[in-house]
Peer 1: 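What follows is a structure written as structure tokens; I'll ask about it next.
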Protein chains: 2
Amino acid sequence: MPVTIYDVAKEAGVGVGTVSRVLNNNPRVSSETRQRVLQVIERLNFHPSSIAQRLSLRKTLSIGVLAVYFTRPSVVERLRGIESVIADSEYDLMVYNVETPSRRDECFRSTASSSRVDGLIVISLAPADEDVGRWASAGVPVVLVDTLHPTLPCIIVDDISGGYKATEHLIKLGHTRIGFIGDPIHTAFNFRSSRDRFEGMCRALKDHGLAFDPAFHQAGEHGRESARVLTHRLLDLDDSPTAIFAASDTQAFGVLQAAKERGIQVPQELSVVGYDDVEMSEYLNLTTVHQPLFDSGLRSVDLLLHSIDTSDPAPVREQLPVHVIERSTTARPKN
Amino acid sequence: MPVTIYDVAKEAGVGVGTVSRVLNNNPRVSSETRQRVLQVIERLNFHPSSIAQRLSLRKTLSIGVLAVYFTRPSVVERLRGIESVIADSEYDLMVYNVETPSRRDECFRSTASSSRVDGLIVISLAPADEDVGRWASAGVPVVLVDTLHPTLPCIIVDDISGGYKATEHLIKLGHTRIGFIGDPIHTAFNFRSSRDRFEGMCRALKDHGLAFDPAFHQAGEHGRESARVLTHRLLDLDDSPTAIFAASDTQAFGVLQAAKERGIQVPQELSVVGYDDVEMSEYLNLTTVHQPLFDSGLRSVDLLLHSIDTSDPAPVREQLPVHVIERSTTARPKN
DNA sequence: CTGTTAGCGCATTCAT
DNA sequence: ATGAATGCGCTAACAG
């Protein structure tokens, strides 16, 4: 049986209240008895029960993170940002990975049952009003990352702007036939980033008086392999694009792969730009749109902690900047 | 204020014991009252306090994972294996990322204070006897992944064998001058995998009557960039190696980069083999040593759960298989 | 300054 | 089958 605060109290000849006070650095203890209690604690190798503290404090002292596909490089980087600030706090980090809609719903629900987490960060998952209502009535502060809700604090990047910038980069190089490779319009999790990036692309095209050939829009399951296949489809077209904008770096890698398979030189014969600027992109010299992944995690915790401490809803909408990083996969089109 | 079991009891006109019983599917409740209680629970939108349950049960219902550099692709893959089985259990997953020795020690200690986790998985970190003793006296089951301790259950791969196989693959292709790029001999966390892989390499060399030129051993901070620099050093040698074995895929990528910078053809002029078989390796056609990362996480939880349920130490040492995957970065040397 | 006591919300005897 | 009482280990309010 673990040693409790009572054991310490008895051994030190004081009341449990006093022991609790020294535990919590309450100044209302004479330094004399404090020393004595501390000694006993040391000698008995006492550690307060975290669970008991939580029950008494009515706090779980842990914050949850709900992520989709937490092995995706971009998500990992966000997690790292989150972990880095939680590590310095009094909170524990509970991670929930979701890869199916049912698992998502289960997580949404379980985190709303009170006493599971003091706060929640949701990455890339769009909660329904119903979910938001549950969290609200359970009094669980939530901050969203890479997704939006009218009543919740959100950390986002302007994907439309990102898509716009990527496309504009291509246009300024002289490209007019630009293909797009992204996620399906309707995904199980209703991701909107790919759609928004495409939207940004369309706007850029329009602003520069360029038409968009619907055949240049290829969407399929997120992933390198799928992107590779889609790229071939694009390249099979009669008047195939001279540049391709991929909705993510991972997909851009698939584009690169397809080009290589066909012996198409990048960037001489085909320009490619990705999105995310994951670590591998630097290695592969991929021109891409950088978004502050790590910082997004960082900021989300800041907001959450603030929200927990002040119980202030703070329906902030923080938009982080994006910019294209020009590397070696984009160039002027031939001719 | 959250609704408690008392509220439900009063509302349903029963005792709290009965409510608790229906909550836990205890059969000793008439289906009649069970229905009534269930209705009230529904109506009041009652959710039992997880914290209170834990205190009463004397279980934290959460298991902790301690990982070094949890953003490294190999670690992420292990985490995914771990998460996949925990998600189906009653436990929550608490993640602790360590990037400094002091943080490691802090985590080792805090997880040993009872009532933080019901069990712990430690990845790639070698605990000292002192740490192990702390966990033992706190009654916290621990299983190690990718690291060893005499008294703890461990999931490992035979890195020596992996290094041996990688080298043998090269030797059989006809290489005799084989370079090695790995981590420093002494790292902050005393990693041994790189050392063991090198050890395996040496044995293979020896078994095949090949001598090893000490200048062919280059070690430096783990990472692509460092590996790139070290490779140049190797290639600057008078009688430079015709093949390089890197202690990890990440480092192998650095090797590839250096070769490219020098205009050296891989595999025609230089063969390269990595270790881990992370996702990117397939993309880059890297010949490498595959180790079951995901499974290692899976198995560790199995062992831990077993250990928790039976309080059986089970000092198992499970060794997972490795094998080289031959892709396109290795070939016969050109004379 | 310090001891005592009453919760925190649930599980679990022990009677009935 | 079910209600009442007790304990889990700690914090905080209240006396003194």
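Since the model is a prediction, treat every value here as computed from it, not as a measurement. Convention: sequence-line order gives letters A, B, ...; per-chain numbering from 1.
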Peer 1: Which distance, rounded to the nearest 0.5 Å, do you find between the CD1 of I156(A) and the CD of Q291(A)?
Peer 2: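 I156(A) CD1 to Q291(A) CD: 11.0 Å, rounded to 0.5 Å.
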
Peer 1: Is the closest side-chain heavy-atom distance between R109(B) and S113(B) below 4.5 Å?
Peer 2: no

Peer 1: Has the side chain of T111(B) got a donor or acceptor atom that lies under 3.5 Å from a matching backbone atom of C107(B)?
Peer 2: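 Looks like yes, one N/O pair under 3.5 Å.
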
Peer 1: Could you go through the side-chain contact (heavy atoms from CB on, under 4.5 Å) check for V98(A) and F70(A) one step at a time?
Peer 2: CA-CA 8 Å; V98(A) 358; F70(A) 81 154; over 6 Å; no

Peer 1: Name the one of S296(B), S300(B), S124(B) that satisfies side chain to side chain donor-acceptor pair (under 3.5 Å) with R78(B)?
Peer 2: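 With R78(B) as partner, S296(B), S300(B), S124(B) yield a single side chain to side chain donor-acceptor pair (under 3.5 Å), made by S296(B).
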
Peer 1: Could you give the NZ-to-P distance, from K10(B) to dT2(D), as a whole number of Å?
Peer 2: 20 Å

Peer 1: Just the rounded figure in Å: distance from P of dA11(C) to CD1 of I51(A).
Peer 2: 14 Å

Peer 1: What does nucleotides 7-14 of chain D look like as a protein-contact string, B for base, S for sugar-phosphate only, - for none, at under 4.0 angstrom between heavy atoms?
Peer 2: BBBBBBB-

Peer 1: I need the CZ-C1' distance between R34(B) and dT2(D), as an integer number of Å.
Peer 2: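 From R34(B) CZ to dT2(D) C1': 13 Å.
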
